[in-house]
Structure formats: C-alpha cells, structure tokens
Amino acid sequence: MRVYLDNNATTIVDPYVFGAMEPYFVQKYGNPNSLHEFASETHPAIKQAMEKIYAGIHAPKEDSVVITSCATESNNWVLKSIYFQYILTGRKNHIILSEVEHPSIIATAKFIESMGCRVTYLPINHEGLIDPQSVRDNITDKTALVSVMWVNNETGAIFPVEEIGNICAEHKVLFHTDAVQAIGKLPVDVQSFNVDYLTMSAHKFHGPKGVGALYMKKGKELLPLLHGGSQMGGYRSGTLNVPGIIGMGKAMEQAVDALDFEMSDVRQMRDEFEDELLKIPDTFVVTPREKRAANTILISFRGIEGESMLWDLNREGVAASTGSACASEDLESNPVMEAIGAEADLAHTAVRFSLSRYTTQEELDYTLEVVKRAVVRLRGISSSYAYAPEGYKSGH
Ligand code: PLP
C-alpha cells in the first residue's frame, strides 16, 4: 500500500482541475495577448478562473490578484518591493516577522537585513503560537511591514492574523500574510479583517505546481515584479501560464466547495489518528488541536530521529515529513521545534503527518500499524531511548 501523508508539501491534482486544464495545452494554446482567435478563445476561461480566485478569498473587484509562479515568488516580491518603496527611500527602516515564517520569507528578510533594513523576528510560545501583543510591542513609527503566516506549515498552528492585521491598521503599518496553508483549510475572507497582501500557492490545495498568486489591496500597490509587458496589470510581465491559471481557479472553486468536509470529516479522521498515535508512550504533539488546521499533526517520538522514522515509513510505502533538512552529514532539527524551545533531543524527533480530503481511513489504519512497528524497531536500537518500559520496547 502507498499512503501519501505529506499534503503540506504538495497535494494531488484534483481530477476536475486536471480536466479543466487539459484543453489548454494542445488545443487552445494561443498566447492570450495575440490578436487572433487562438488568443481570444483562451480569454473566457482565464476570466472565469480569475473570478473564482477572487471569489475564493472574497477579494473585491478593485483589489488586485496577480498570478505568480509560486508562493516563494509572491513572498519575495512583497518583502523586496517594500524594501525598495519604503526602506531604501528612507521613509521607514523596519519590518516585523514571526521567527517561524517559511524560508521564502526568512531568507528574503535576511537579504534585505543585509541591505540595511532592521528586522524583528517574533517568538512563538511553547504551544507554537504567536501573541498578537508582541506585534503591538514591536511596532515603531519606522515599521513598514508586518508579515505573519496564517497557518504554520510544520505544526498547523493557526496564527491570530485577524488581530495582528487590525493592530497593523491601528498603527498604519502594512500587513502581509502567507496564507499558503490556510486556503482550503480555513475560510479566507480578505474583507473580514485588515490585510494588505496575501500569498497563495495552487499546489497546496490540489491545483498544479508552478502557479501561485499575490492578493494586493487597492491603494497598497507594490512595484512591478517583472518589467517588460502589460500582463497582470503590468505587475508581472511575461506570457500568462494559461493552463496554470485555469487550474488554480478550478482548484480554488473545489477547495471552497470542500471546506466543510475538510473542517469536519478530515478533522475527525486526523483527531482519531492522533489519539491512536498518542497512545504510543513518550509521544508529544505541540499545538492544541483546536488551534490547528484540520489536517496537520507534528508529533515527536522520544528517542527516534525523525529521519529514521521517515526511512522506516517510506520502506512500507508511507510518505510523511520531518520539516528538517539534511545538510550534508548534519541532521538539522526541526526549526519550529527549536523555536518552541523543545529539548535538544526532542527537536530532532518531530514527524509531520499532513492529511487531505483524499486521505482514507484505511490508509490511516495501515499507517498506524507501520508507525507502531517502526517505533518498536527504532527504540530498540536507539542509544538515547533508555527509559521505555521493557514490555513496550520488546513490542508487547
Ligand atoms: N509558504 C508556506 C507556508 C509554505 O508551506 C510553502 C511551501 O511549503 C511556501 C510558502 C512555498 O510555496 P511554493 O512551493 O509555492 O513556493
């Protein structure tokens, strides 16, 4: 059996999404900017797709949604443009982020920091959550931007973006949220709170890879990302990724339709699976369930390197993640676990299971058996796990 529980990394393309995209590769392949029927026959589907993306996040018509190639691009764009518009010009000198943003935010922030911008990295607490008060405490009259993700990709923790957005509005500071892990998991309504920029990525909600977007509020426009044409209102020139845009639109529509299922059925499956995992002794989950997106579990198995667990799972067909990167011979610990302040031996033991609306009960039952076997085997050979009850270590 093959089981895919790495849906925070990417998701299967919904068959309806694939079906919607297919005609735009070999039949309707015109460049939408050309002046003939091959071009114009692509227009209705592009328009419809854009409408679905606007509707999916409740964006009003006057605001912009610019299609990009991925969330990494959208995140880079926001920070670099803010640097050019506000920091380089000397109007402001400071931005605020959470310390557990995706690397596409953190690395870009480090880059603009090296160019003279001051960056505050807000800590997370022991539950992996952010205190909105910390945003208020760090804002100065020189703060240009606050960027805090909506849902953390590792823990699934839901950050209080509504409150943070409203604090930013009070202080007239721009607010960006990376909503990559929120779309399709939570209701997203850019009109229900103050948000100026919002990042999305189609492949995280059963759309195709290589297409993302940035929502941008009217009056808060960034500088063009790519110069050279008129596409995307001049913000991002380059021939449109027609199948990608159509796929993202369809995926957004499907994600909105499936939201109740995700928040009830997927959540229930996740909770029951988590209950079973937590029956294994010496296991820990950081963020309380009710403060997490419905599909994610980041769990530590004391005494077991996350990578070893992945190896055992993979051998039996189960795909999960550790969230940590293998840098040459060094095994890096999970950055979120480190930020939480987990003991050093626990920071290396985190494994992330992320479900989707395609996950089945049978798959979770199978995974549970595989995990239990792996725990017995790996704790049996673990040098750091000496405290397990004998009976459990020998698998009884
Ligand atoms: N932001 C978050 C929170 C993510 O989880 C990811 C992907 O893992 C990204 C950004 C980057 O997405 P993309 O692959 O579209 O660049």
Side-chain angles (χ1 to χ4, degrees), residues 4-13 17 53 56-57 65-80 97-111 121-122 124 128-130 146-161 164 175-186 188 195 197-215 225-226 236 241 244-245 247-249 251-252 255 287 292-298 319-325 332 334-337 339 350 352-356:
Y4 186 75
L5 293 176
D6 198 13
N7 287 283
N8 286 9
T10 197
T11 56
I12 186 173
V13 173
V17 169
I53 298 170
I57 60 168
V65 172
V66 177
I67 300 296
T68 60
S69 71
C70 57
T72 298
E73 180 179 320
S74 303
N75 287 344
N76 267 260
W77 181 20
V78 175
L79 264 60
K80 288 175 183 166
L97 323 170
S98 86
E99 63 176 338
V100 291
E101 293 300 305
H102 186 265
S104 55
I105 290 284
I106 299 282
T108 312
K110 297 268 181 221
F111 173 68
Y121 300 89
L122 301 174
I124 52 172
L129 295 165
I130 289 220
V146 172
S147 178
V148 173
M149 67 204 323
W150 198 322
V151 172
N152 182 264
N153 44 305
E154 301 295 344
T155 56
I158 301 169
F159 289 161
V161 290
I164 295 173
F175 179 53
H176 166 242
T177 186
D178 173 346
V180 163
Q181 301 288 348
I183 307 278
K185 294 171 192 156
L186 300 172
V188 172
V195 57
Y197 312 105
L198 181 141
T199 291
M200 301 165 256
S201 181
H203 75 100
K204 306 286 185 175
F205 54 93
H206 303 288
K209 293 167 187 59
V211 54
L214 185 73
Y215 159 81
L225 173 65
L226 300 177
R236 188 183 185 277
N241 173 2
I245 295 169
M248 185 166 186
M252 181 65 91
T287 308
R292 246 189 285 149
N295 78 320
T296 307
I297 305 172
L298 182 71
S321 156
T322 58
S324 63
E332 283 180 16
N334 183 297
V336 175
M337 293 293 284
R352 183 186 70 191
F353 296 99
S354 45
L355 287 62
S356 81

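First listed ligand is number 1; within each ligand, the first listed atom is number 1. Predicted model, so just to flag it, every value in this text is computed and none were measured.
- What you find for Met248 and Ile53 is that their closest heavy atoms are CG-CD1, 3.8 Å.
- Between the side chains of His203 and Thr11, no donor-acceptor pair is found at a separation under 3.5 Å.
- Distance from atom 8 (O) of ligand 1 to its nearest protein heavy atom, with residue and atom name: Lys204 NZ, 2.6 Å.
- Trp77 is not listed as a side-chain neighbour of Thr199, based on a closest heavy-atom distance of 4.5 Å or more.
- What sits closest to atom 4 (C) of ligand 1 on the protein, heavy atoms only, is His102 CD2, 3.4 Å.
- Residue contacts with ligand 1 leave out Glu101, since none of its heavy atoms falls under 4.0 Å from the ligand.
- Looking at Asn295, Asn152, Asn153 one by one, the single match for side-chain hydrogen bond (donor to acceptor under 3.5 Å, both in side chains) with Asn8 turns out to be Asn295.
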Is there a side chain to side chain donor-acceptor pair (under 3.5 Å) between Asn241 and Ser69? Walk through the geometry before answering. CA-CA 9 Å; Asn241 173 2; Ser69 71; over 6 Å; no
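- Applying the 4.0 Å criterion to heavy atoms of Cys70 picks out, from ligand 1, the atoms 13 (P), 15 (O), 16 (O).
- Side-chain contact between Leu298 and Phe353 is absent, with no heavy atoms from C-beta onward closer than 4.5 Å.
- The shortest N/O to N/O separation between Asp178 and ligand 1 falls below 3.5 Å.
- Among protein heavy atoms, the minimum distance from atom 15 (O) of ligand 1 is reached at Ser201 OG, 2.6 Å.
- The minimum heavy-atom distance linking Ala71 with Ser201 is given by the pair CB-CB, 3.7 Å.
- The protein heavy atom nearest to atom 16 (O) of ligand 1 is Thr72 OG1, 2.6 Å.
- Annotation: atom 5 (O) of ligand 1 to nearest protein heavy atom, Gln181 NE2, 2.8 Å.
- For ligand 1, the atoms lying closer than 4.0 Å to a non-hydrogen atom of Met149 are 3 (C).
- At under 3.5 Å, a nitrogen or oxygen of Ala71, whether backbone or side chain, sits near a nitrogen or oxygen of ligand 1.
- In terms of heavy atoms, Arg352 sits closest to Thr296 at CG-CG2, 4.2 Å.
- The nearest heavy-atom contact from the protein to atom 14 (O) of ligand 1 is His203 NE2, 2.9 Å.
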